[in-house]
Trainee: 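Below you'll find the structure I mean.
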Amino acid sequence: MGWLLYQAGMLGLLTAAAPFLLLRRGSHYLPTLRRRLGGHPRVERRPRLWLHAVSVGEVGVASTLIRALPPATSVVLTTVTPTGQAVARRSVCAAAADVTYLPFDLGLPVRRFLDAYTPRALVLVEGDLWPLLLERAKRRALPVVVVNGRVSDRGFARLRRLGRWVRPVLGPVDLYGVQTERDRERLVELGVAPEKVRVTGNLKFESPEPAALPELEAEVRRLAAGRPVLIAGSTMHGEEPAVLDAFVRVGAARALLVLAPRHPERSIEVEELLAERALPAVRRSRIDAPAAGPTRSGARGSATAPIGSESSVDSAATPGAGARPAVPAGGAGAPAVVLLDTMGELASLYRLAAGVFVGGTLVATGGHNPLEAARFAVPIAAGPSMENFAEIAAMLDARNAWRRVRDAGELAAAWTSWLDDPASARALGERGATLLAESRGALERTLDLLRPLLGAPDR
């Protein structure tokens, strides 16, 4: 009876949320419904290691792990978000794993998924614990392991409020590999047996360097026309105004800004902010360089055009219509901003940066991974909200390996100081790169955790 009530509540929540999701992001979610309801193509019936990664950040960790598994290991990788799915399909995961969506936490979708993929174990990247899914996994005697686990301040408070109801969430997991001793202590305080929790370290330190994108990098350099490149990566709603105000203070004559919203479908909203500040800009999807992944609009041309120009609007509305005039590389017509409206290219472009701002940190969203930029020894600025990467933030703070900013004025001051004194900026970036190099080792400890689940190689 308890699971029937749970499923009724879950179904009610999905029904209530459906109009909002379809209105705001229908083009993303409608094509995914069949998979989320357990409808899957026919696949070869063989035992698979099931990895689940919620979105882009977790998919990066999963990719690192998949690369390190024995080559003959069969893997199915699930995600929740369409952006995570897109990155998974474009990355190494696509060649080494079946990629699909996590089924809704309802009996029929979960059963259909388990029947289709016959997993032999479930590995949850960083968590994302769904009670019914875990219960069904345990019914089938599947081992369940969390890797790269963490318990954020917000998550810890939420789980403590559940009291005894936290057991169906945490109890079915057989083993937790967590990032820090603090994460281990929190799980034990929540009632997890100490012998089920091991500190393995943070797999985000283990991600490989992204492949270079020489054509795109050449185009960005051309548009910069000798100016240094500043990058604001993975920015969130409500944050771009401060970023653009900071850039206006720096001045487009001094630098080119590459602005990468976390969700590319917000590009139109960001365009309006650029227009308000009279900042000439060009969408990356209009730059004549091979894309690393699908673009939001799907329209590709042979030249570039400033956002907000008449040719830009017409061509976006009619893919392939007419040639667009090229954006000059220098002079009065040069763009101030490149709007990165594509997926999978930001991490590679960090190697061009004279300075980076990590998005999701000037608004209370918990921040994004600063290590993608740190590997290239570039100076990094971040706001106060880094709850999702608290350990990494504390390590960078302790090493004076980045700069904390609270508003547009402080971000402008950071960017300006780095442009004025490139040697000091480089020294700051080198401290971050050194920290990254010294913090490796989590991958081997995580593989030790998983080896009992791998069994004999698949044939």
Side-chain angles (χ1 to χ4, degrees), residues 51-69 77 84 87 91-93 123-129 145-156 173 175-188 192 196-210 233-234 346-347 350 356 358-361 365-377 380 382 385-402 429 431-451:
L51 268 67
H52 173 58
V54 178
S55 192
V56 175
E58 294 82 7
V59 166
V61 171
S63 296
T64 299
L65 197 54
I66 289 170
R67 285 185 181 93
L69 293 173
L77 174 67
V87 171
S91 71
V92 67
C93 302
V123 178
L124 302 165
V125 178
E126 297 192 10
D128 198 36
L129 308 174
V145 177
V146 169
V147 298
N148 213 50
R150 61 186 179 88
V151 186
S152 65
D153 294 343
R154 187 181 303 174
F156 184 53
V173 177
L175 201 56
Y176 290 87
V178 297
Q179 297 178 18
T180 69
E181 181 63 28
R182 184 183 66 169
D183 296 314
R184 190 195 72 83
E185 292 171 353
R186 285 180 166 180
L187 284 173
V188 171
V192 177
K196 290 174 63 173
V197 190
R198 300 183 195 172
V199 178
T200 51
N202 193 336
L203 283 167
K204 286 188 167 66
F205 285 109
E206 307 287 337
S207 59
E209 181 174 320
S234 297
L346 174 62
Y350 279 135
V356 166
V358 177
T361 61
T365 58
H368 295 119
N369 184 8
L371 300 179
E372 292 179 338
R375 72 167 63 255
F376 296 115
I380 300 169
S385 181
M386 279 294 294
E387 296 83 3
N388 293 340
F389 298 87
E391 178 202 13
I392 293 172
M395 295 169 74
L396 289 166
D397 285 338
R399 294 284 191 95
N400 188 28
W402 65 350
R431 291 195 289 274
T434 299
L435 172 62
L436 175 60
E438 292 175 353
S439 300
R440 298 186 182 274
L443 181 58
E444 188 56 41
R445 290 189 289 271
T446 301
L447 289 173
D448 285 342
L449 197 74
L450 296 181
R451 281 192 179 99

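Position 1 is the first residue of the sequence, and the numbers go up from there. Both backbone and side-chain heavy atoms feed into the values below; hydrogens, waters and symmetry mates do not.
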Trainee: Give a yes or no on whether a salt bridge exists between Arg451 and Glu444, defined as a side-chain N under 4.0 angstrom from a carboxylate O.
Mentor: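 The answer is yes: the pair qualifies as a salt bridge.
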Trainee: Write down the atom of Ala347, the atom of Phe376, and the distance for their closest heavy-atom approach.
Mentor: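 Closest heavy-atom pair between Ala347 and Phe376: O-CE1, 3.3 Å.
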Trainee: Does Gly366 offer a backbone N or O that forms a donor-acceptor pair with the side chain of Ser385 under 3.5 Å?
Mentor: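 The answer is yes, because a donor-acceptor pair under 3.5 Å joins these two groups.
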Trainee: Identify the heavy atoms of His52 and Asp128 that sit nearest to each other, and give their distance.
Mentor: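 Looks like NE2-OD2, 2.6 Å.
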Trainee: State whether the side chain of Gln179 and the backbone N or O of Asn148 hold a donor-acceptor pair below 3.5 Å, judged by distance alone.
Mentor: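 Yes; judged by distance alone, with no hydrogens or angles, the pair exists.
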Trainee: Would you sort out whether Leu450 and Val147 count as a side-chain contact (heavy atoms from CB on, under 4.5 Å), showing the intermediate values?
Mentor: CA-CA 9 Å; Leu450 296 181; Val147 298; 4.0 Å; yes
Trainee: Between Thr361 (side chain) and Val358 (backbone), is there a donor-acceptor pair under 3.5 Å?
Mentor: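 Looks like yes, one N/O pair under 3.5 Å.
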Trainee: Output, in order, the C-alpha distance, side-chain angles, deciding distance and verdict of side-chain contact (heavy atoms from CB on, under 4.5 Å) for Ile380 and Leu396.
Mentor: CA-CA 10 Å; Ile380 300 169; Leu396 289 166; 5.8 Å; no
Trainee: Once you round to the nearest 0.5 Å, how far does CE of Met395 lie from CG of Asn202?
Mentor: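 One finds 8.5 Å between CE of Met395 and CG of Asn202.
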Trainee: When you check the gap from the basic side-chain N to the acidic O, do Glu181 and Arg184 get nearer than 4.0 Å?
Mentor: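 Yes.
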Trainee: Run Leu129 and Val173 through side-chain contact (heavy atoms from CB on, under 4.5 Å) and show every step you take.
Mentor: CA-CA 9 Å; Leu129 308 174; Val173 177; 4.0 Å; yes
Trainee: Which heavy atom of Ala382 sits nearest a heavy atom of Trp402, and at what distance?
Mentor: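 Nearest pair, atom of Ala382 first, then Trp402: CB-CZ3, 3.4 Å.
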Trainee: Between Leu449 and Tyr176, which heavy-atom pair has the shortest distance, and what is it?
Mentor: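 Heavy atoms only, the tightest pair is CD2-C, 4.5 Å.
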Trainee: Using 0.5 Å steps for rounding, measure from the CZ atom of Arg182 to the OG atom of Ser152.
Mentor: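 Reported value, rounded in 0.5 Å steps: 8.5 Å.
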Trainee: Check whether Lys204 reaches the backbone of Leu371 with its side chain - one donor and one acceptor, N or O, closer than 3.5 Å.
Mentor: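 Pair absent, no side-chain N/O of Lys204 close to backbone of Leu371.
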Trainee: Look only at the side chain of Arg399 and the backbone of Gly432, and say whether a donor-acceptor pair between them is shorter than 3.5 Å.
Mentor: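 No; zero donor-acceptor contacts below 3.5 Å.
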Trainee: Tell me the closest heavy-atom pair linking Ser439 and Leu435, and the distance in Å.
Mentor: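 Shortest heavy-atom contact: OG-O, 2.8 Å.
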Trainee: Using a distance-only test with no angle check, is there a side-chain donor-acceptor pair under 3.5 angstrom linking Asn388 and His368?
Mentor: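 No pair is found: no donor N or O on one side chain lies under 3.5 Å from an acceptor on the other.
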Trainee: Would you confirm whether Thr200, through its side chain, and Arg445, through its main-chain N or O, come within 3.5 Å as a donor-acceptor pair?
Mentor: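 No, the answer is negative, given that no donor and acceptor are paired below the 3.5 Å cut-off.
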Trainee: Does a salt bridge link Arg375 with Glu209, judged by any charged N lying under 4.0 Å from a carboxylate O?
Mentor: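 Not counted as a salt bridge, because no side-chain N and carboxylate O are separated by less than 4.0 Å.
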Trainee: Looking at Thr64 and Pro208, what are the two nearest heavy atoms and their distance?
Mentor: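 Scanning both residues completely, I find the closest heavy atoms to be OG1-CD, 3.7 Å.
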Trainee: Looking only at atom types and distance, does a side-chain atom of Glu206 sit under 3.5 Å from a main-chain N or O of Ala442, one as donor and one as acceptor?
Mentor: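 Side chain of Glu206 to backbone of Ala442: a pair is present.
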Trainee: Determine, stepwise, if the pair Val59 / Ser63 fulfils side-chain contact (heavy atoms from CB on, under 4.5 Å).
Mentor: CA-CA 6 Å; Val59 166; Ser63 296; 4.1 Å; yes
Trainee: Does a sphere of radius 6.0 Å around CZ in Arg154 hold more than 12 heavy atoms from other residues, nucleotides or ligands, not counting ones at 6.0 Å or beyond?
Mentor: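 Atom CZ in Arg154 is not crowded, with 12 or fewer foreign heavy atoms closer than 6.0 Å.
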Trainee: Taking the side chain from Asp183 and the backbone from Val151, do they hold a donor-acceptor pair closer than 3.5 Å?
Mentor: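 Checked: pair present.
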